[in-house]
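All chains are named by letter (A, B, ...) in the order of the sequence lines, taking the proteins before the strands, and each is independently numbered beginning at 1.
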Protein chains: 2
Amino acid sequence: MRLGEGVEWAVHCAVLLAALPDDVCLPASRLAQFHGVPGPYLAKSLQALTGAGLLESRGGRKGGYRLSRAADQITLLDVVLAVEGDETFFRCTEIRRRGPSAVAPRAYSPVCGVAGAMWRAERAWRDVLSGVTIAELAGIALRDAPAAAQTKAVAWFGEVLSARG
Amino acid sequence: MRLGEGVEWAVHCAVLLAALPDDVCLPASRLAQFHGVPGPYLAKSLQALTGAGLLESRGGRKGGYRLSRAADQITLLDVVLAVEGDETFFRCTEIRRRGPSAVAPRAYSPVCGVAGAMWRAERAWRDVLSGVTIAELAGIALRDAPAAAQTKAVAWFGEVLSARG
DNA sequence: GTCCCTATACTCGGATAGCAAGTGTCCGAGTATAGGCGG
DNA sequence: CCGCCTATACTCGGACACTTGCTATCCGAGTATAGGGAC
């Protein structure tokens with residue numbers, strides 16, 4: 001089992017947008033360039049974030065994406081579910097009710113014990129992710145990033161923003 | 001993101017084997033029949049469990065599968081990892097080190113903040129699964145199963161075991 | 001009666017097709033801007 | 001000089017191929033059993 005690559009890209013894009021001034025829009029092509037990932041496919045993930053209400057998109061000359069609400073109001077879980085979908089890892093097909101020992105469906109307990117344990121584990125996973133905000137990740141990124149990298153990033157953004165008028 | 005169907009089958013098979021006497025071997029075909037799942041494909045999951053050392057397989061006339069150790073020494077996590085592989089959900093491609101702000105790799109912190117949070121969540125998921133044993137699941141299944149279903153199951157097993165000599 | 005041998009039927013194990021989902025890409029619809037024109 | 005209009009260039013959004021991994025299946029190698037025969 002593995003998460004799609006788009007999840008990593010989407011999270012880093014959200015963190016980057018959180019580090020920028022609130023009124024700045026950044027197009028998908030620039031986000032892709034900054035992260036060194038294929039642009040057209042990154043757009044797919046960004047569209048998912050927009051559809052989930054996490055990002056706002058603006059068209060036209062100075063358009064692009066920006067966070068739709070404060071970075072401390074967006075959790076890591078929000079981003080992951082927006083890209084991957086909100087399906088559970090484990091899908092119970094109720095095989096306990098099949099085969100030669102099957103009886104009337106109403107006789108069974110509402111939740112299979114196996115499914116209950118699997119879902120409890122997934123709940124723990126979600127709880128951790130929902131306890132981390134994009135703002136916190138942005139803070140960590142700023143704290144851990146090498147000074148030279150931050151300098152280069154600031155220079156790159158200055159160039160991009162000036163080119164956009 | 002979703003777990004393969006084989007996980008559910010493998011867990012239920014392990015629970016079933018845990019409920020049987022220790023010296024009984026049950027072939028894949030019977031396990032599939034009891035659970036109402038495609039036999040040849042279930043064998044694939046059982047082979048994975050055997051490869052991971054959770055099950056022992058015996059060939060020949062009275063062959064089949066049985067648990068390789070006590071059911072309270074096998075956790076739900078063991079079974080899930082055996083079938084799905086022990087890869088992490090999230091794979092960090094270190095995109096923070098790419099693009100126009102990249103600097104020397106040694107300058108970066110050892111673990112990306114995003115990856116750290118994702119892996120902490122996965123750790124929570126694994127902790128829950130590793131805290132549940134197959135023996136516990138078997139106990140829950142016996143407690144929750146309808147009495148009529150247990151009666152039919154016992155009858156079916158009696159028939160199967162007598163046919164095997 | 002006991003032991004051994006052979007034939008048998010059953011088991012696992014790995015190698016082989018089909019299909020769905022993830023991955024990667026493209027082009028068309030829509031919009032804010034910039035410049036030119038008229039008042 | 002100011003306001004309006006048009007052309008432009010850029011953006012997002014959804015529709016279109018391709019590859020990987022999951023789903024499902026099959027047949028061959030190996031083994032313990034059961035029966036028969038020899039001693």
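At least one side-chain heavy atom of A/Tyr108 sits under 4.5 Å from a side-chain heavy atom of A/Val103.
Within 6.0 Å of CZ in A/Arg123 there are 12 or fewer heavy atoms belonging to other residues, nucleotides or ligands.
A salt bridge links A/Glu122 and A/Arg126; the closest N-O separation between the charged side-chain nitrogens and carboxylate oxygens is under 4.0 Å.
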- [ ] List the protein contact pattern of nucleotides 6-25 of chain C with one symbol per nucleotide (5' to 3'): B for base contact, S for sugar-phosphate-only contact, - for none; contact means a heavy-atom distance under 4.0 Å.
- [x] ----SSSBB------S-BBB

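Applying the salt bridge (Lys or Arg N to Asp or Glu O under 4.0 Å) test to pairs two or more places apart or on separate chains, those with a residue in residues 47-60 of chain A are A/Glu56-A/Arg66.
Partners of B/Phe157 by ring pair (Phe, Tyr, Trp, His ring centres under 6.0 Å), not counting sequence neighbours, listed by chain and number: B/Phe34.
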